[in-house]
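Every chain is numbered from 1, with letters handed out A, B, ... down the list of sequences. Predicted model only: the values in this text are computed from it and were never measured.
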There are 2 protein chains.
Amino acid sequence: MDDEKAADLFGALSNGDRLKVIRALVEAGPDGMSAGDIAGKIKASPSRTSFHLSALFDAGFILRERRSRSLIYQVDFKRIGGLVNFLMEGCCKGSSELRSCCSF
Amino acid sequence: MDDEKAADLFGALSNGDRLKVIRALVEAGPDGMSAGDIAGKIKASPSRTSFHLSALFDAGFILRERRSRSLIYQVDFKRIGGLVNFLMEGCCKGSSELRSCCSF
DNA sequence: TATTTATTTCAAGAGGTATTGAAATATGGA
DNA sequence: TCCATATTTCAATACCTCTTGAAATAAATA
């Protein structure tokens, strides 16, 4: 992970529709949701939803699996965690004394 | 915090220069860094650095304080934490049984 | 007060991202 | 095979963001 890559990943999160998708999938957990259900939940057209799902999928935030006619999406928590850890890397010069400044 | 606001905040993080700034300030911790030192660290011109510092300041990710001729910037960990918590809100339907799926 | 240092502001141009609706693709069932 | 359902792809348009360099502002010192 470098700064430009991480910036692209944050870019994938910098859209209201895409955050609605992520948050819906965070709540859904391992069950996931179909593209159609996601479109209904975020109140967006199929093509618009698909556009945003692709952006999130390309960034690695969501996983996709076909179940019959539907595509089921799930959030990938590891990707979110990796990005947060990148941001906090080397926090406060690595000093354990100052470590509390990094907690949230 | 709503989806559009959070999207703007992620937008403020969706740039390589701005991530370099944040990460430098995360490392610097409570000491902070001057705008000039930041410009040197991220290898960007003063005007470009100032543009990105403004974006981060407006988003609330960094705090600013004048010390003599210099402006000293510090990261605001609370803002980062608030954004991460927004993303993970209601994780896995709030089920404590499934809570492990949300950890990273 | 005049000068130097530190930083921000501004305008113009280039490049990137979102929305729409129609058409294409993929799958399952009659 | 034919049809219906589920989802993606595409092209056009509109909008937003970044970079650059020059000029403006702010504060400290001689």
Side-chain angles (χ1 to χ4, degrees), chain A residues 2-25 28 31-75, chain B residues 2-25 28 31-75:
Chain A
D2 63 15
D3 294 294
E4 295 305 324
K5 176 66 182 173
D8 286 348
L9 299 191
F10 280 117
L13 299 178
S14 69
N15 175 279
D17 284 336
R18 290 201 289 269
L19 285 184
K20 288 195 186 81
V21 170
I22 292 267
R23 281 160 48 82
L25 292 178
D31 294 346
M33 289 176 78
S34 71
D37 287 350
I38 293 169
K41 176 93 177 181
I42 73 171
K43 296 180 178 44
S45 70
S47 84
R48 191 168 143 193
T49 303
S50 179
F51 171 78
H52 291 306
L53 286 172
S54 291
L56 290 171
F57 182 79
D58 292 347
F61 285 113
I62 59 177
L63 307 167
R64 179 163 62 191
E65 167 195 16
R66 185 171 283 279
R67 266 214 286 280
S68 178
R69 274 191 279 218
S70 295
L71 284 171
I72 305 297
Y73 286 91
Q74 275 179 278
V75 70
Chain B
D2 63 15
D3 294 293
E4 295 304 324
K5 176 66 183 173
D8 286 347
L9 299 190
F10 280 117
L13 299 178
S14 69
N15 175 280
D17 284 336
R18 290 201 290 268
L19 286 184
K20 287 195 186 83
V21 170
I22 292 267
R23 282 159 48 81
L25 292 178
D31 294 345
M33 289 175 77
S34 71
D37 287 350
I38 293 169
K41 176 92 178 183
I42 73 171
K43 295 180 178 45
S45 71
S47 84
R48 191 169 144 194
T49 303
S50 179
F51 171 78
H52 291 306
L53 286 172
S54 291
L56 290 171
F57 182 79
D58 292 347
F61 285 113
I62 60 178
L63 306 167
R64 179 163 63 192
E65 169 195 13
R66 184 171 283 280
R67 266 214 287 279
S68 178
R69 274 193 278 217
S70 296
L71 285 172
I72 305 297
Y73 286 91
Q74 275 179 278
V75 71

For B:Arg18 and D:dC18, is the shortest distance between a side-chain N/O and OP1 or OP2 below 4.0 Å?
yes
Just the rounded figure in Å: distance from C1' of D:dT17 to CZ of B:Phe10.
19 Å
Under 4.0 Å between a side-chain N/O of A:Ser70 and OP1 or OP2 of D:dT7, yes or no?
yes
Just call it for A:Thr49: base, sugar-phosphate, or nothing, with non-hydrogen atoms closer than 4.0 Å on any strand.
nothing
Rounded to whole Å, the CZ-C1' distance (A:Arg48 to D:dT8) equals 16 Å
Taking only side-chain nitrogens and oxygens of B:Asn15, does any of them come within less than 4.0 Å of OP1 or OP2 of D:dC18?
yes
Whole-Å distance between D:dT9 C1' and A:Asp58 CG?
13 Å
Rounded to whole Å, NE2 of B:His52 lies from P of D:dT20 at a distance of 9 Å
Check whether any side-chain heavy atom of A:Leu53 lies under 4.5 Å from a side-chain heavy atom of A:Arg64, and answer yes or no.
no
Which is it for A:Phe10 and B:Asn15 under the side-chain contact (heavy atoms from CB on, under 4.5 Å) test, yes or no, and what are the steps along the way?
CA-CA 8 Å; A:Phe10 280 117; B:Asn15 175 280; over 6 Å; no
Rounded to whole Å, how long is the line connecting atom CG of B:Leu56 with atom P of D:dC18?
10 Å
Give the rounded distance in Å between these two atoms: CD1 of A:Ile72 and P of C:dT27.
14 Å
Tell whether A:Arg69 reaches the base of D:dT7 with its side chain through a donor-acceptor pair below 3.5 angstrom.
no
Can you check the B:Asp8 CG to C:dA18 C1' distance for me, whole Å?
14 Å
So B:Ser50, base contact, sugar-phosphate only, or nothing? Heavy-atom distance under 4.0 Å.
base
Separation of atom CZ in A:Phe51 from atom C1' in C:dA22, rounded to whole Å:
17 Å
Verify the contact: side-chain N or O of A:Arg66 to OP1 or OP2 of C:dA26, cut-off strictly under 4.0 Å; return yes or no.
no
With sugar-phosphate meaning primed atoms plus P, OP1 and OP2, does B:Ser34 contact a base, only sugar-phosphate, or nothing at under 4.0 Å between heavy atoms?
sugar-phosphate
Under 3.5 Å, is there any donor-acceptor pair linking the side chain of A:Ser68 to the base of C:dG28?
no
Taking only the side-chain nitrogens and oxygens of B:Tyr73, find out if one of them lies under 4.0 Å from OP1 or OP2 of C:dT8.
yes
